[in-house]
Amino acid sequence: MVDGCVITEDCALAVSTDRMWKVSCSGDALVKTCAGIFDSVDVEGDGGPGSVTTLTLSAAAAAAPGAGGSVVRSRVLVRDNATLVLRNEVLKGSKQVSGQLKSQVTEVKFEPAGEGACVAKFKVEYERLDGGGALSAEEQAELIGGYLALMKIVETYLVANPSEYA
């Protein structure tokens with residue numbers, strides 16, 4: 001990304017790569033595992049590159065600080081089932097995208113970390129509207145924090161329901 005910035009963060013999860021991947025690639029699974037966060041997840045396409053996903057947040061989630069609205073739309077750039085990499089371009093909805101950023105691309109890669117555990121390696125690439133440098137440390141933490149929080153919600157559900165998405 002020209003004149004862009006990158007935020008990276010790793011998130012240890014007490015769930016296998018396979019189970020996290022299944023949920024991350026399924027709108028229905030996201031709605032189920034993140035009950036109260038998403039009202040619906042609609043996918044235009046087959047879920048692979050070029051597909052557009054529309055996440056409709058619940059009223060409570062949309063009202064949360066940093067939510068940036070009730071709808072988030074993104075386009076799949078990469079969905080690699082062999083390397084467990086999912087890369088999306090945010091089209092609409094992120095507070096940062098609509099207010100400060102010209103573009104935002106998110107990537108998560110799931111790597112095994114022992115039996116029944118994995119690490120979600122996050123990367124968020126962004127470019128500011130004003131061509132300025134990096135967001136403040138607080139803004140970067142808020143941006144990546146939303147993705148990490150969702151992963152922890154999915155993890156909590158899967159740990160409590162060990163036979164689902166196995």
Side-chain angles (χ1 to χ4, degrees), residues 5 7-45 47 51-77 79 84 86-110 117-126 128-129 134-166:
C5 297
I7 308 166
T8 59
E9 183 94 24
D10 292 352
C11 181
L13 301 165
V15 178
S16 71
T17 55
D18 186 52
R19 292 178 75 206
M20 288 302 297
W21 183 251
K22 285 177 183 175
V23 172
S24 296
C25 295
S26 167
D28 291 340
L30 280 173
V31 170
K32 186 173 186 177
T33 59
C34 298
I37 304 292
F38 302 118
D39 282 345
S40 67
V41 177
D42 298 305
V43 179
E44 300 165 32
S51 298
V52 174
T53 302
T54 303
L55 304 166
T56 303
L57 279 67
S58 68
S70 61
V71 175
V72 177
R73 286 177 55 86
S74 62
R75 179 182 3 266
V76 176
L77 300 175
R79 179 178 164 185
L84 305 182
L86 188 60
R87 186 172 171 87
N88 294 297
E89 175 185 17
V90 178
L91 304 173
K92 174 188 176 189
S94 166
K95 177 181 174 186
Q96 282 78 15
V97 167
S98 56
Q100 299 180 48
L101 303 183
K102 179 177 178 180
S103 62
Q104 178 182 330
V105 174
T106 63
E107 180 179 294
V108 62
K109 177 178 182 166
F110 295 103
C118 69
V119 174
K121 295 185 170 265
F122 281 95
K123 179 167 45 172
V124 178
E125 301 171 13
Y126 64 90
R128 292 180 69 138
L129 283 169
L135 295 168
S136 71
E138 182 178 279
E139 291 167 323
Q140 288 186 41
E142 181 181 324
L143 184 58
I144 196 104
Y147 297 108
L148 299 174
L150 278 177
M151 282 294 118
K152 287 304 207 177
I153 291 168
V154 171
E155 174 192 39
T156 298
Y157 179 91
L158 292 176
V159 167
N161 298 280
S163 63
E164 288 200 50
Y165 307 105

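Note that CG of D42 and OG of S51 are 12.5 Å apart. Values are rounded to the nearest 0.5 Å. Atom CG of L101 and atom CD of E125 lie 12.5 Å apart (nearest 0.5 Å). Interatomic distance, CG of L30 versus OG of S24, reported as 6.5 Å (0.5 Å rounding).
For the side-chain contact (heavy atoms from CB on, under 4.5 Å) test, no residue two or more places apart in sequence or in another chain qualifies with A149. When the side-chain contact (heavy atoms from CB on, under 4.5 Å) test is applied to C11, the partners found at least two apart in sequence or on another chain are L13, A120, F122, L148, M151, K152. Every residue meeting the side-chain contact (heavy atoms from CB on, under 4.5 Å) condition with E107, not counting sequence neighbours, appears here in chain and number order: V85, R87, K123. Looking at residues two or more places apart in sequence or on another chain, you find no salt bridge (charged side-chain N to carboxylate O under 4.0 Å, His left out) involving R79. Shown here are the salt bridge (charged side-chain N to carboxylate O under 4.0 Å, His left out) partners of D28, two or more places apart in sequence or in another chain: there are none.
By the 4.5 Å heavy-atom criterion applied to side chains, L158 and M20 are counted as neighbours. Side-chain contact between T106 and Y147 is present, with heavy atoms from C-beta onward closer than 4.5 Å. The side-chain heavy atoms of Q104 and L143, taken from C-beta on, include a pair separated by under 4.5 Å. Residues I7 and Y126 are in side-chain contact: their nearest non-hydrogen atoms beyond the backbone lie under 4.5 Å apart.
Nearest heavy atoms, N161 versus R19: O-NH2, 2.8 Å. Taking all atoms of both residues into account, the shortest heavy-atom contact from Q140 to A134 is NE2-CB, 3.6 Å. Smallest separation of non-hydrogen atoms from G47 and V76: O-CG2, 3.8 Å. Of all heavy-atom pairs spanning V52 and R75, the tightest one is CG2-NH1, 4.2 Å. Between V41 and G27, the shortest heavy-atom contact is CG1-CA, 3.4 Å.
Without hydrogens or angle criteria, E155 side chain to A14 main chain gives a donor-acceptor distance under 3.5 Å.
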Derivation of the side chain to side chain contact (heavy atoms under 4.5 Å, CB included) call for T8 and K121: CA-CA 7 Å; T8 59; K121 295 185 170 265; over 6 Å; no
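Just one of V71, L91, V43 meets the side chain to side chain contact (heavy atoms under 4.5 Å, CB included) condition when paired with T54; it is V71.
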Throw together a table of side-chain donor-acceptor distances under 3.5 angstrom for residues 32-39, partners on residues two or more places apart or in other chains.
{"from": "K32", "atom 1": "NZ", "to": "E164", "atom 2": "OE1", "distance (Å)": "2.9"}
{"from": "T33", "atom 1": "OG1", "to": "A29", "atom 2": "O", "distance (Å)": "2.9"}

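The aromatic rings of W21 and F110 sit perpendicular, their planes meeting at an angle over 60°, well past the 30° parallel limit.
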